[in-house]
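Both ligands and their constituent atoms are indexed starting at 1 by order of listing. The figures here come from the full heavy-atom set of this structure, side chains too, leaving out hydrogens, waters and symmetry mates.
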Amino acid sequence: MSFDLVLFGGTGDLAWRKLLPALFQAFRHGTLPEGGRIISVARDDLTDEQYRSRIQSRFDNVELAKRPTPQEFSRFAALLHHLRMDLSQPQDYVRLADMLKARNADSLVMYVATAPSLFTTVCEQIAAVGLNGPATRVVLEKPLGHDLPSNRAINAALRHVLQEDQVFRIDHYLGKPSVQNLFAMRFGNALFEPLWRRETIANIQITIAEELGVETRGAFYDQTGALRDMVQNHALQLLCAIGMEPPINASANAIRDEKLKVLQSLKPWSPDTIGQHVIRGQYAAGTSQGHAVAGYLQENGVDPASTTETFVALRTEISNWRWAGVPFFIRTGKRLASRNAHIVVNFRPVPHPIFKTPAGAANRLVINLQPKDGLELHLLAQGAAQHQTEPALAPVHLNLDFDQRFGTERVGAYERLLLDVIASRLNLFVRSDEQEEAWRWVEPILAHWRTDPHGPRPYAAGSWGPSAASAMIARDGFCWSEEV
Ligand code: NAP
């Protein structure tokens with residue numbers, strides 16, 4: 001199958017840090033279909049050779065195991081091309097159309113890795129030059145809008161020029177191997193599904209913690225905040241993967257229908273529940289990795305009086321028969337104690353304990369997403385101490401280390417998602433109605449914060465966020481996973 005993959009924004013941060021390394025890995029693994037072209041588009045006037053050598057020097061920053069040898073790079077580089085275009089200028093799309101139509105590849109992927117303000121223009125203009133035929137797939141990065149009306153406007157503009165199944169809204173968390181393994185574990189094994197319900201599960205916690213601050217993206221982040229940047233998309237998609245009903249088959253629409261139902265079942269907000277169950281925070285000066293670091297308000301590009309949240313913790317419920325009453329806790333933030341993303345499924349304790357167990361001990365399934373991915377099943381077993389008069393149990397872990405089991409065959413999130421786009425597999429991409437429903441659910445929180453005089457709670461950089469987040473979960477009688 002021949003393909004042309006156009007990287008709008010081929011000289012930008014996303015392209016060189018994520019997309020090109022992922023495409024190289026696919027090339028190295030032999031999974032990138034042969035006979036393809038990767039065409040970078042940006043305003044820089046570069047020849048193909050200049051673009052290739054720029055990318056080669058960027059590969060020096062990639063971890064050693066994923067860096068190409070000079071021989072590998074020269075074979076990979078043969079796929080790379082560059083086209084100078086100003087995406088705001090309709091006449092520039094004619095040259096792109098000429099270049100692509102001359103070849104007429106089986107699969108035409110348009111990856112829009114450029115400023116969100118250009119998304120609609122790019123889609124309209126590729127249609128204006130006749131590049132929106134059935135072989136075309138358009139990949140859109142987040143953020144797709146900054147609220148429900150702006151998201152709807154983008155989706156409406158897309159619908160004018162493309163079919164829904166030509167639009168690939170990327171959420172790279174869905175491409176992570178452990179998220180796919182969550183689907184495999186739930187729907188490919190008989191073991192967990194009977195336990196996957198309110199009778200046996202006490203609570204579920206989703207944590208996406210970053211150690212870094214806003215780095216060089218202060219101005220962008222100050223307009224965005226943690227709720228829009230992480231909760232509306234990544235955290236809610238993870239919640240859907242955990243909470244959805246078994247789909248009728250593994251097709252994209254069957255999976256997306258079930259995710260949509262989860263989003264529609266999320267408990268609606270009231271001003272009271274937002275006050276009690278949503279904690280927003282903003283990092284103050286503190287320590288990260290042993291170094292003193294500045295607070296958010298001192299970061300470059302950030303308004304010194306900003307009330308943008310860099311931390312959110314919230315409690316919600318999925319109102320259906322399976323989950324009624326089970327709290328789902330979501331927590332995400334910058335400048336937290338460690339870089340760590342995981343989902344913890346806390347099972348209820350046994351109904352009638354006959355053994356002595358450590359306080360609070362119960363079964364727990366941990367799905368690790370970052371920094372390593374894998375699954376851990378926490379069980380209780382008879383300890384080694386022989387001298388005990390009363391039988392006592394100690395915690396043990398069954399650790400499914402995917403790296404150890406599958407090693408080099410493993411495929412990273414962007415690699416997997418890019419191959420899926422080329423092959424037109426939509427399973428791991430987000431449909432417009434899911435995205436709109438997620439915006440609809442976060443809107444009342446955004447509206448509440450606009451008029452809330454209190455602003456975000458400060459927390460020290462390097463901590464786990466404001467203490468109010470621990471108090472919030474403690475009201476249900478639980479604690480965050482690292483406090484166990
Ligand atoms: P970036 O570093 O600013 O790169 C933007 C790219 O777009 C550059 O190649 C730029 O090249 C090109 N561009 C801008 N205006 C153009 C125009 N009028 N015509 C042609 N090319 C133009 O941005 P980025 O960080 O890569 O982000 C790209 C998109 O991905 C954004 O929507 C961002 O929100 C999203 N995203 C990024 C990341 C990340 O890790 N970076 C993560 C998630 C989502 P020239 O200026 O030379 O034209």
Which residue supplies the protein heavy atom nearest to atom 15 (N) of ligand 1, what is that atom called, and how far is it? R43 NH2, 3.2 Å
Taking the ring of F59 and the ring of F24, is the distance between their centroids below 6.0 Å? yes
Relative to each other, are the rings of W269 and W441 parallel, tilted or perpendicular (30° and 60° limits)? tilted
Considering the heavy atoms of D44, write down every atom of ligand 1 situated less than 4.0 Å from one of them. 47 (O)
If the plane angle is over 60° it's perpendicular, under 30° parallel, otherwise tilted; pick one for F168 and F429. perpendicular
So which atom in E437 and which in L263 form the shortest heavy-atom distance, rounded to 0.1 Å? CG-CB, 3.6 Å
Heavy-atom pair with the smallest gap, counting every atom of P466 and R280: CG-O, 4.5 Å
Numbering the atoms of ligand 1 from 1, which are under 4.0 Å from a heavy atom of P143? 34 (O)
Students should be able to answer this: which protein heavy-atom is nearest to atom 41 (N) of ligand 1, and at what distance? D13 OD2, 2.7 Å
Under a 4.0 Å threshold between the charged nitrogen and the carboxylate oxygen, would R228 count as salt-bridged to D147? no
Identity and separation of the nearest protein heavy atom to atom 18 (N) of ligand 1: D86 OD1, 3.0 Å
List ligand 1 atoms under 4.0 Å from A113, heavy atoms only on the residue side. 6 (C), 28 (C), 29 (C)
Please check atom 3 (O) of ligand 1 for a protein heavy-atom neighbour under 4.0 Å. no
Among all protein non-hydrogen atoms, which one is nearest to atom 10 (C) of ligand 1, and what is the separation to 0.1 Å? T11 OG1, 4.0 Å
Tell me whether D106 contacts the main-chain N or O of S2 through its side chain, where contact means a donor paired with an acceptor under 3.5 Å. yes
Which residue holds the protein heavy atom closest to atom 31 (C) of ligand 1, what is that atom called, and what is the gap in Å? T114 O, 3.3 Å
With the threshold set at 4.0 Å, does a side-chain nitrogen-carboxylate oxygen contact exist between R440 and E443? no
At what distance is the nearest protein heavy atom to atom 19 (N) of ligand 1, and which residue and atom is it? L87 N, 2.8 Å
Please say whether L118 places an N or O atom under 3.5 Å from an N or O atom belonging to ligand 1. no
Contact check, F119 vs ligand 1, heavy-atom distance below 4.0 Å: yes
Which heavy-atom pair separates K372 from D401 by the least distance, and what is that distance? NZ-OD2, 3.5 Å
Between R416 and D420, is there a side-chain N and carboxylate O pair less than 4.0 Å apart? yes
Salt bridge between D171 and K142, side-chain N to carboxylate O under 4.0 Å? no
Sub-4.0 Å atoms of ligand 1 with respect to non-hydrogen atoms of P116: 32 (O)
K18 touching ligand 1 at heavy-atom level, < 4.0 angstrom: no
Residues R43, D86: salt bridge by 4.0 Å N-O rule: no
Tell me the protein heavy atom at minimum distance from atom 43 (C) of ligand 1, and give that distance in Å. E141 OE1, 3.6 Å
Closest to atom 42 (C) of ligand 1 (heavy atoms only, candidates L7, L14, L144) is L14
Side chain, backbone, both or neither: which part of M85 comes within less than 4.0 Å of ligand 1 when only heavy atoms are counted? backbone
Note: ligand 1 atoms sitting under 4.0 Å from heavy atoms of R17 are 39 (C), 40 (O), 41 (N)
Closest protein heavy atom to atom 35 (C) of ligand 1, given as residue, atom name and distance to 0.1 Å: K142 O, 3.4 Å
